[in-house]
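Each remark here refers to the structure printed beneath this line.
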Amino acid sequence: MADLSPAERILAAIRAIPPGQVAGYGHVARRAGLPGRARMVARVLREHSAPDLPWHRVLRSDGKIAFPPNSKGYREQTQRLRAEGVDVRAGRVRIAASVPDLDGNLDAALWRPR
DNA sequence: TGGGTGACAACGC
DNA sequence: AGCGTTGCCACCC
């Protein structure tokens with residue numbers, strides 16, 4: 001990644017998440033070279049909405065969907081994730097026990113839920 | 001300069 | 001798992 005603006009690096013990091021997999025806001029930030037800026041990822045996501053952006057693969061660090069339960073975005077995201085085979089229950093993605101230790105923390109299992 | 005807000009995170013219980 | 005607190009950062013008014 002050459003000299004892209006922070007926002008562009010964030011978008012690139014999100015586009016890099018493979019289908020069927022997810023990543024936390026903080027994780028995306030670090031991958032974009034912006035440690036500690038999870039909130040900036042959220043802001044960028046709120047403004048920039050591109051058709052090729054897999055925004056639905058970005059979750060909170062605890063694996064929960066960031067939108068208010070039952071909101072438009074919440075339902076959208078849940079549906080999109082399920083369409084990719086991701087197990088979503090009670091507003092949170094279910095990580096398989098096959099992935100060793102990840103006490104509620106996504107980062108360990110990131111990039112390969114299920 | 002000061003105060004409020006978020007598609008957040010880490011901790012403690 | 002749920003909840004409250006604190007820390008954070010980039011804006012906004």
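All values derive from a computational prediction rather than experimental measurement. Numbers restart at 1 for each chain; the letters A, B, ... are given by sequence-line order, proteins then strands.
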Between A:Gln79 and A:His56: side-chain donor-acceptor atoms closer than 3.5 Å: no
Ion pair A:Asp62/A:Arg92, N-O distance below 4.0 Å: no
Return the nearest nucleotide to the side chain of [X]; candidates are [options].
X       : options               : result
A:Ala38 : B:dA9, B:dA7, C:dG2   : B:dA9
A:Leu45 : B:dA9, B:dA7, C:dC9   : B:dA7
A:Met40 : C:dA10, B:dA7, B:dA10 : C:dA10

Salt bridge (Lys or Arg N to Asp or Glu O under 4.0 Å) assessment of A:Arg80 paired with A:Glu84: CA-CA 7 Å; A:Arg80 287 189 180 223; A:Glu84 293 186 351; over 6 Å; no
Looking at [N], I'd like to know if its phosphate oxygens (OP1 or OP2) sit under 4.0 Å from a side-chain N or O belonging to [X].
X       : N      : answer
A:Arg39 : C:dA10 : no
A:Arg43 : C:dC9  : no
A:Arg92 : C:dA1  : yes
A:Arg94 : C:dA1  : no

Point-to-point distance, once rounded to the nearest 0.5 Å, from CG of A:Leu53 to CZ of A:Arg15: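 Between A:Leu53 CG and A:Arg15 CZ, I get 5.5 Å after rounding to 0.5 Å.
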Separation of the P atoms in C:dC9 and B:dC11, to the nearest angstrom: 16 Å
Rounded distance in Å between the P positions of C:dC8 and B:dG12: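 Roughly 15 Å separates the two P atoms.
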Distance in angstrom units between A:Leu34 CG and B:dA9 P, rounded: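 It is 14 Å, rounded to the nearest whole Å.
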Touch class at under 4.0 angstrom, heavy-atom based, for A:Gly36 against every strand present: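 Since only primed, P, OP1 and OP2 atoms lie under 4.0 Å of A:Gly36, the category is sugar-phosphate.
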